[in-house]
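Quantities reported herein were computed from a predicted structural model and do not represent experimental measurements. Labels below follow one simple rule: chain letters A, B, ... track the order of the sequence lines, proteins then strands, and each chain is numbered from 1.
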Amino acid sequence: MTKELKLYNSLSAEKEVFKPIHSNYVGMYVCGPTVYSDVHLGNCRTFISFDMIYRYLIHLGYKVRYVRNITDAGHLVDDADEGEDKIVKKARLEQVEPMEIVQKYTVGFHDILRNFNAIPPNIEPTATGHIQEQINIIEKIISQGLAYEVNGSVYFNVDKYNETADYGILSKRKIEDLMSGTRELDGQSEKKSPLDFALWKKASPEHIMRWNSPWSDGFPGWHIECTAMSTKYLGESFDIHGGGMDLKFPHHECEIAQAQAFTGKPPVKYWLHANLLTLNGKKMSKSTGNTLLPDELFSGDTPLLEKGFDPMVVRFFMMQAHYRSVLDFSYDALLASEKGYHKLMTAYKDLDKLKVSEESSEEVSKHIAAYYSAMNDDFNTPILIANLFDTVSWINKVKVGQATISKADLIELKKELDAFITGVLGLTGGQAENNDGANKMDAVMEVIIELRKNARENKDWTSSDLIRDSLTAAGISIKDTKEGTSWSLN
RNA sequence: GGUCCUGUGGCCGAGCGGCUAGGCAGUGGUCUGCAAAACCAUCUACAGCGGUUCGAAUCCGCUCGGGACCUCCA
């Protein structure tokens, strides 16, 4: 039934059959956010993509350890030589402690992802919590002769590494091409080659986020944290490493080089890269200001939108595109997704009210097999959704008596739709509310519908329309069907 | 400048050598007191020019758009 999962490996640049290193166990590391400002919607797309991947792996029965880091130190704001830690800069601006900034944006990040119904990772390590591990790795790399110290800073020697390994293996770049692209804008660089990258940076006097090390009071380079945390929690070689497209080079390339220098073996079997979410056709980016914040999207409080959107609609919108394709954000596209989302969820919810027959007019197994074949082909959620809409059509036909479904098939279908809609796609909002407030609401609506029914039987259209219009204004829609009147929120 | 990706109908977005993608919007119908929903039918495509092939959105070349990375960014 489930067949085999194929996924696109950036390392080989082709789709490969997924075979975890340790049969049923999967280790997955995803590069997390830098917590010095609010996460924007573009960041969210990557995390939602990997949330979907995580969910599907779990659905297939794998025992997954999902690690996603929080980068709370070490990113340089200017060039590599005269850099200032981003977190420090912001802290000074706002006159608060660096860790206060980190805390604030970490909490914000978690809130947003919860809104999007993303499952938290199993381990969410922080860079500042793993300074010692990073130092240990740097020491080992130096002892291998693949890094050198200059004035208290340590740099990775890319040329030396490239003698026995392949720097550029992931991004398919050649050292020569990279060199031709470097501008000699800094004559005073400490680095032997422009391609060398920092493993440890000596802190300038005003730099307040600093740690003691064998080389200087300083802070770790940008790439080393991921190697430290991934190897610590997932081992020297693990299955999946994910992140946004923009991290492929240099970040992931450097990670491979470091890790290989450290352990002597390739760290990752499958590299997965989620593509960017664009706004006005351009990449969302903190630095250029071309961003949209999730909160603005939910509330509609932005010139880009005429109204806000439910986080689940946004998630559905993202799932309608393949995770490796660029997706452009627009108000019109969101509106279309909102309708489609409701159509899907309404049918899903109506499953419980379906009348069953002796026989099914369609083969439930074909519908279900289609879900798996879509997802097994590199997590093709747009195809999955197209296939789900085929099922929606079937459900709707059963509703109006143009198709049938047997009891056994209905149970089977319900189980799989739960798994794919709620489980894999992570969409909520289709299940019947089952709390006290909702029960009372049901009771109230029953009364109102009964009153309106009486009015309609008396051909008192004024009253019946008044009820319907008032409810519509209150955000409750009324539908008169052959089976009676139903209502729904929104 | 270097490396790479991409251009699909009104909009979004799959497909990547032959078979209706799907959603939204539009049009005509069924149903309905009206409306909504649903159902049925239906209309708009593969940037341009060449080439390969029995056959090309799909492969190759060129041209013209758009984008990413090469510097922090999911």
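Residue contacts for A/Gly242: at a heavy-atom cut-off of 4.0 Å it reaches no nucleic acid atom on any strand shown. Note on A/Arg173: a base of the nucleic acid sits closer than 4.0 angstrom, heavy atoms only. Residue-level contact check: A/Ala386 touches the bases, meaning some heavy atom is under 4.0 Å from a base atom. As judged by a 4.0 angstrom heavy-atom cut-off over every strand, A/His40 is placed among the base-contacting residues. Here A/Asn380 lies in heavy-atom contact (under 4.0 Å) with sugar-phosphate atoms only. Within the nucleic acid shown, A/Leu277 comes within 4.0 Å of at least one base atom, counting heavy atoms only. At the heavy-atom level, A/Ala274 lies nowhere under 4.0 Å from the strands shown. Residue A/Gly243 is in sugar-phosphate contact alone, with no base atom involved, counting any heavy-atom pair closer than 4.0 Å across all strands shown. Within the 4.0 angstrom heavy-atom criterion, no nucleotide atom of any strand lies near A/Leu334.
In terms of modelled atom types and a separation under 3.5 Å, the side chain of A/Asp328 and the main chain of A/Gly281 share a donor-acceptor contact.
Between A/Pro382 and A/Gly42, it is A/Pro382 whose nearest contact on RNA chain B lies nearer the 5' terminus. Annotation: of the two residues near RNA chain B, A/Lys283 and A/Ile383, the 5′-most nearest-nucleotide partner is A/Ile383.
In A/Lys202, the NZ atom is not crowded: 12 or fewer heavy atoms of neighbouring residues, nucleotides or ligands sit closer than 6.0 Å.
In B/A57 the base sits syn relative to the sugar, since the glycosidic angle is no further than 90° from 0.
Between A/Asp378 atom CG and B/G15 atom C1' the separation is 14 Å, expressed in whole Å. A/Gln320 places its CD atom 13 Å from the P atom of B/C12, with the value rounded to the nearest Å. Distance A/Leu178 CG to B/C4 P: 11 Å, rounded to the nearest Å. Atom CG in A/Leu327 sits roughly 15 Å away from atom C1' in B/G66 (whole-Å rounding). Going from atom NE2 of A/His223 over to atom C1' of B/C72 covers 10 Å, rounded to whole Å. A/Lys201 has its NZ atom 15 Å from the P atom of B/U71, to the nearest Å.
Proximity of A/Lys282 to the phosphate of B/A68: no side-chain N or O atom is located under 4.0 Å from OP1 or OP2. Listed pair A/Asn387 / B/A14 fails the phosphate criterion, with no side-chain N or O lying under 4.0 Å from OP1 or OP2. Within the structure, a side-chain polar atom (N or O) of A/Thr34 is placed less than 4.0 Å from OP1 or OP2 of B/A74.
Distance check on atom C1': B/G22 versus B/G9 gives 14 Å, rounded to whole Å. Nucleotides B/G23 and B/A41, compared at atom P, are 13 Å apart to the nearest Å. Comparing B/C31 with B/C40, their C1' atoms are spaced 11 Å from each other, to the whole Å. Distance noted for atom P between B/A47 and B/A14: 15 Å (whole Å). As rounded to the nearest Å, B/G18 and B/U71 have C1' atoms that lie 48 Å from one another. Rounded to a whole angstrom, the distance from the P atom of B/C24 to that of B/C39 is 9 Å.
Remark: the A/Gln258 side chain and the A/His223 side chain contain no N/O donor-acceptor pair separated by less than 3.5 Å.
Of the nucleotides present, B/U30 is the one that pairs with B/A38 by Watson-Crick or G-U wobble criteria, both distances under 3.5 Å.
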Inset, instruction - Go along nucleotides 26-38 of chain B 5' to 3' and tag each nucleotide: B for a protein heavy atom under 4.0 Å from its base, S when only backbone or sugar atoms are that close, - otherwise. - result: -------BBBB-S
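Figure legend: A/Lys307 and A/Phe309 shown as a cation-pi pair, the cationic atom lying under 6.0 angstrom from the six-membered ring centre and within 45 degrees of its axis.
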